[in-house]
Amino acid sequence: MRTLIPALLLAFGASAGTLAQAQSCGSGGGATVCLSASGSADSNQLSWTVSGNVSRLEVFRDTDSDPNGRSRIAVPGKSATSYADTSANAGTPYWYWVKFTTNGGSYNSGSASATRGTACTPTAVSPWISNNGSWTQTSSATVTAGNSAILGPQPINGGSWSWSGCGTSGSAREQLITPAASCTATATYTNACGAKTTQAFVITVPGSMRELTSIQLSQQMSPAWNLGNSLDAGGNETNWGNPLVNQQLLNAVKAAGFKTVRIPASWNQYADANGNISPTFMARVTEVVGYARNAGLYVVLNTHHEYDWLIPSYAAQASANARLAKLWTQIANNFKTYDDFLLFAGTNEVKFGQDYGPPTAEYQAVQNGFNQVFVDTVRATGGNNAKRHLVVQGFNTNIDSTYNGFIKPNDSATNRMFLEVHYYDPFHFALDSNSNIWQWGASATNPAVTETWANEAYVDAQFQKMKTRFVDAGLPVLMGEYGAILKSEYDPAGTYRTAWAKYVTKSAFQHGIVPVWWDNGYADNHQFGLFNRSTGAQYYPELIKAIVDNAK
């Protein structure tokens with residue numbers, strides 16, 4: 001039996017101190033001040049009323065009721081009406097006076113007494129769950145849809161209980177739940193002296209979709225990592241030099257601190273002329289998705305490198321729409337029972353041939369149409385796909401093109417959609433292996449090897465565009481790829497690459513964007529690899545740490 005350490009959120013109450021007294025008044029110089037005092041666990045609380053005009057107030061304290069020998073402890077403003085004496089010792093009775101000054105002289109309120117109490121220690125709560133008829137000391141459980149479990153935290157006697165979540169209610173210590181979807185129940189225990197302890201019970205229902213908006217889901221997914229150049233490799237999984245994906249690799253990615261894996265997959269190359277996907281490839285993708293889920297990672301599964309047929313032109317639109325729908329119908333049906341830890345992304349970097357310039361209205365319209373076909377196709381397969389979180393793309397996943405031309409698809413599900421962009425700026429620093437641009441940002445020392453326009457301010461401005469137009473409107477942004485190659489001929493330690501990754505990751509996260517590092521599997525110079533694809537060993541621990549630490 002494995003015992004879990006409960007996460008306790010402790011709140012402090014107070015033991016019985018001096019109850020609030022009736023006001024004790026004093027008059028003089030045309031003014032009257034009436035004082036009352038009460039004790040709490042934190043302090044002695046004084047409050048008073050003033051009638052008439054006063055020019056100065058002073059608070060005095062003593063350990064007896066004789067004003068001789070008293071000490072001044074505060075000079076509040078003349079309009080003040082309260083004061084908390086946090087320096088009072090617990091258990092010691094104190095007497096207080098408010099001295100007030102008028103045009104006619106100085107006078108005193110009546111005296112008021114209070115005793116500071118002692119801190120009320122919260123009571124530790126032990127989480128217990130009865131699942132399948134057996135009690136276990138744990139704060140989490142997996143419950144099959146339609147089955148029941150009992151939440152029975154301890155202590156058994158004393159205090160009172162209140163509940164929320166998973167259909168719980170009322171004040172009974174034991175709660176019977178029959179969850180239809182994954183949920184969290186929260187028990188609050190209040191002990192005899194008023195201190196509260198909160199215990200969360202995390203209930204997982206396999207195959208269920210939680211009631212989370214995409215904004216809420218996005219807040220659980222950073223940082224993220226790409227399994228690039230494997231299932232999207234031309235010909236077969238190992239054709240581009242990476243070994244077969246294994247469980248050890250995905251475990252290592254999770255252990256490093258990543259929460260999500262994006263799995264690029266090229267489907268059309270494994271489909272026949274009628275668009276029927278090879279059962280062998282479908283089974284292999286399913287196996288790799290299983291590796292990621294076993295490791296506890298969110299998964300974003302897409303269609304990748306489909307450039308030869310997914311052409312954003314009116315002439316190709318009908319045939320491309322038909323094939324896109326055919327592929328996604330099969331993919332969605334294969335995974336329709338999977339829970340919301342699996343997301344689908346409809347396309348990738350759709351562009352017209354090698355045209356990297358601003359898109360025409362035609363290109364934008366056809367890409368927006370691809371997004372609509374994808375959404376409609378997945379939703380039509382039913383099951384969990386009716387509520388699955390979907391990822392749609394701006395043209396060529398370019399930030400400016402997306403900002404200027406993206407139109408959100410209609411969706412039968414509410415708040416179940418992400419928008420995807422990519423970020424590799426500045427090009428000559430991040431992607432161009434033939435360029436001598438190798439410094440970046442505020443720490444750059446040589447303008448001749450720096451693209452000074454693409455500095456920290458540019459990063460923030462680009463991401464602010466996404467936040468203002470999309471994230472703030474309820475459409476979270478997935479930065480499905482970003483990264484910078486190593487240029488060891490200039491910067492052997494990768495100092496500037498690490499600085500770039502740190503800043504870009506942090507800015508993305510702070511703007512509500514999920515950053516997904518592009519890893520193509522290779523550790524060589526001019527590459528993006530972070531992990532050894534066979535063993536899961538880290539090639540660049542400092543870079544990995546910079547990404548993980550700045551997505552918090």
Exercise. His305 vs Tyr307 aromatic rings, parallel, tilted or perpendicular, using cut-offs 30° and 60°?
Worked result: perpendicular
Exercise. Aromatic rings Phe463 and His511: how do their planes relate, parallel, tilted or perpendicular, breaks at 30° and 60°?
Worked result: perpendicular
Problem set entry | Side-chain donor/acceptor of Gln538 to backbone N/O of Gly536, under 3.5 Å | no
Problem set entry | Partners meeting side-chain contact (heavy atoms from CB on, under 4.5 Å) with Ala501 (sequence neighbours left out) | Trp517, Leu543, Ile547
For this session: Indicate whether any N or O donor in one side chain lies under 3.5 Å from an N or O acceptor in the other, for Tyr522 and Asn229.
Result: yes
Problem set entry | Nearest-0.5 Å distance that lies between atom CD in Gln317 and atom CG in Leu324 | 11.0 Å
Problem set entry | Check: Tyr482/Asp425 side-chain N/O donor and acceptor closer than 3.5 Å | no
Problem set entry | Derivation and outcome, salt bridge (Lys or Arg N to Asp or Glu O under 4.0 Å), residues Arg533 and Asp519 | CA-CA 10 Å; Arg533 290 291 177 89; Asp519 186 327; 3.4 Å; yes
Problem set entry | Heavy-atom check, side chain of Thr142 versus side chain of Pro206, under 4.5 Å | yes
Exercise. In this structure, which one of Val378, Thr303, Thr377, Asn302 forms a side-chain contact (heavy atoms from CB on, under 4.5 Å) with Phe344?
Worked result: Val378
For this session: Report the relative orientation of the aromatic rings in Tyr423 and Trp500; use parallel for angles under 30°, tilted for 30 to 60°, perpendicular for over 60°.
Result: parallel
Exercise. Do Asn294 and Gln247 have a side chain donor and acceptor closer than 3.5 Å?
Worked result: yes
Problem set entry | Modelled atom types, side-chain donor and acceptor of Asn404 and Thr402, under 3.5 Å | no
Exercise. Can you name the residues that form a side chain to side chain donor-acceptor pair (under 3.5 Å) with Thr144, not counting sequence neighbours?
Worked result: none
For this session: Please report the C-alpha distance between Arg262 and Glu420 in whole Å, then the side-chain angles of each, then the deciding distance to 0.1 Å, and finally whether the salt bridge (Lys or Arg N to Asp or Glu O under 4.0 Å) criterion is met.
Result: CA-CA 12 Å; Arg262 178 175 179 257; Glu420 181 178 356; 3.0 Å; yes
Exercise. Taking the side chain from Asn242 and the backbone from Asn520, do they hold a donor-acceptor pair closer than 3.5 Å?
Worked result: yes
Exercise. With a distance cut-off below 6.0 Å to the six-membered ring centre and an angular limit of 45° from the axis, does Arg497 pair with Tyr540 as a cation-pi contact?
Worked result: yes
Exercise. Any chance the side chains of Gln464 and Thr468 put a donor and an acceptor closer than 3.5 Å?
Worked result: yes
Exercise. Taking the six-membered ring for Trp, are Trp518 and Tyr424 ring centroids under 6.0 Å apart?
Worked result: no
Exercise. Do we see a donor-acceptor contact under 3.5 Å between the side chains of Gln372 and Asn368?
Worked result: no
For this session: Give the C-alpha distance, both sets of side-chain angles, the deciding distance and a yes or no for side chain to side chain contact (heavy atoms under 4.5 Å, CB included) between Phe374 and Thr347.
Result: CA-CA 8 Å; Phe374 162 66; Thr347 62; 5.9 Å; no
Seminar exercise, completed: In this structure, CD of Glu481 is separated from CG of Asn226 (nearest 0.5 Å) by 5.5 Å
Exercise. Judged by modelled atom types alone, do Thr178 and Ser148 share a side-chain donor-acceptor pair under 3.5 Å?
Worked result: yes
Problem set entry | Pair Asn398-Lys351, side chain to side chain contact (heavy atoms under 4.5 Å, CB included): steps then yes or no | CA-CA 10 Å; Asn398 175 273; Lys351 61 184 184 299; over 6 Å; no
Exercise. Taking everything shown except Lys545 itself, do over 12 heavy atoms lie less than 6.0 Å from its NZ?
Worked result: no
Problem set entry | Minimum side-chain heavy-atom gap Trp161-Thr168 below 4.5 Å | no
For this session: Output the distance between atom CD1 (Ile513) and atom CG (Leu478), rounded to the nearest 0.5 Å.
Result: 10.0 Å
Exercise. With a 4.5 Å limit on heavy-atom distance, are the side chains of Thr184 and Phe201 in contact?
Worked result: no
Problem set entry | Thr188 and Lys196: side chain donor to acceptor below 3.5 Å | no
Problem set entry | Test item: side-chain donor near acceptor, Ser214 and His389, under 3.5 Å | yes
For this session: Check whether any side-chain N or O of Gln175 sits under 3.5 Å from a backbone N or O of Ser169 as a donor-acceptor pair, and report yes or no.
Result: yes
Exercise. Are side-chain N/O atoms of Thr213 and Arg416 paired as donor and acceptor at under 3.5 Å?
Worked result: no
For this session: Quick one: do Thr238 and Asn236 satisfy side-chain hydrogen bond (donor to acceptor under 3.5 Å, both in side chains)? Show the steps, please.
Result: CA-CA 6 Å; Thr238 61; Asn236 65 59; 3.1 Å; yes
Exercise. Do you see a donor-acceptor pair shorter than 3.5 Å between the side chains of Asn334 and Thr286?
Worked result: yes
Problem set entry | Summary of salt bridge (Lys or Arg N to Asp or Glu O under 4.0 Å) pairs that have at least one residue in residues 384-402, sequence neighbours excluded | Glu211-Lys387, Asp400-Lys465
Exercise. To the nearest 0.5 Å, what is the distance between CG (Leu227) and CG (Leu249)?
Worked result: 6.5 Å
Exercise. How many angstroms lie between atom CD of Glu349 and atom CZ of Phe395, to the nearest 0.5 angstrom?
Worked result: 11.0 Å
For this session: Please answer whether the main-chain N or O of Ala316 pairs with a side-chain N or O of Ser319 as donor and acceptor at a distance below 3.5 Å.
Result: yes
Exercise. Have Tyr291 and Glu287 got a donor and an acceptor in their side chains that come within less than 3.5 Å?
Worked result: yes
Exercise. Which is it for Tyr539 and Leu530 under the side chain to side chain contact (heavy atoms under 4.5 Å, CB included) test, yes or no, and what are the steps along the way?
Worked result: CA-CA 5 Å; Tyr539 288 135; Leu530 299 182; 5.8 Å; no
Problem set entry | Contacts of Lys336 that satisfy salt bridge (Lys or Arg N to Asp or Glu O under 4.0 Å) - sequence neighbours left out | none
Exercise. Going by atom types alone, do Asn385 and Thr381 pair a side-chain donor with an acceptor below 3.5 Å?
Worked result: yes
For this session: Mark yes or no for whether Gln330, through its side chain, and Lys326, through its backbone, hold a donor-acceptor pair below 3.5 Å.
Result: yes
Exercise. Just wondering, are more than 12 heavy atoms of other shown residues or ligands nearer than 6.0 Å to CD in Glu542?
Worked result: no
For this session: Give the C-alpha distance, both sets of side-chain angles, the deciding distance and a yes or no for side-chain hydrogen bond (donor to acceptor under 3.5 Å, both in side chains) between Tyr270 and Asn276.
Result: CA-CA 8 Å; Tyr270 295 99; Asn276 298 304; over 6 Å; no
Exercise. Has Phe352 got more than 12 heavy atoms of other residues, nucleotides or ligands less than 6.0 Å from its CZ?
Worked result: no
Problem set entry | Euclidean distance, Lys502 NZ relative to Ser507 OG, rounded to 0.5 Å | 14.5 Å
Seminar exercise, completed: Hits for salt bridge (Lys or Arg N to Asp or Glu O under 4.0 Å) against Asp411, two or more places apart or cross-chain, chain-then-number order -> Arg379
For this session: Please list, chain by chain and in numerical order, all residues satisfying salt bridge (Lys or Arg N to Asp or Glu O under 4.0 Å) with Asp340, sequence neighbours excluded.
Result: Arg210
Problem set entry | Donor on one side chain, acceptor on other, Ser126 and Gln154, under 3.5 Å | no
For this session: Take Ile129 and Thr136 through the side chain to side chain contact (heavy atoms under 4.5 Å, CB included) test and state the conclusion after the steps.
Result: CA-CA 5 Å; Ile129 300 176; Thr136 304; 5.7 Å; no
Exercise. So, Ser266 side chain and His304 main chain: donor-acceptor pair closer than 3.5 Å or not?
Worked result: yes
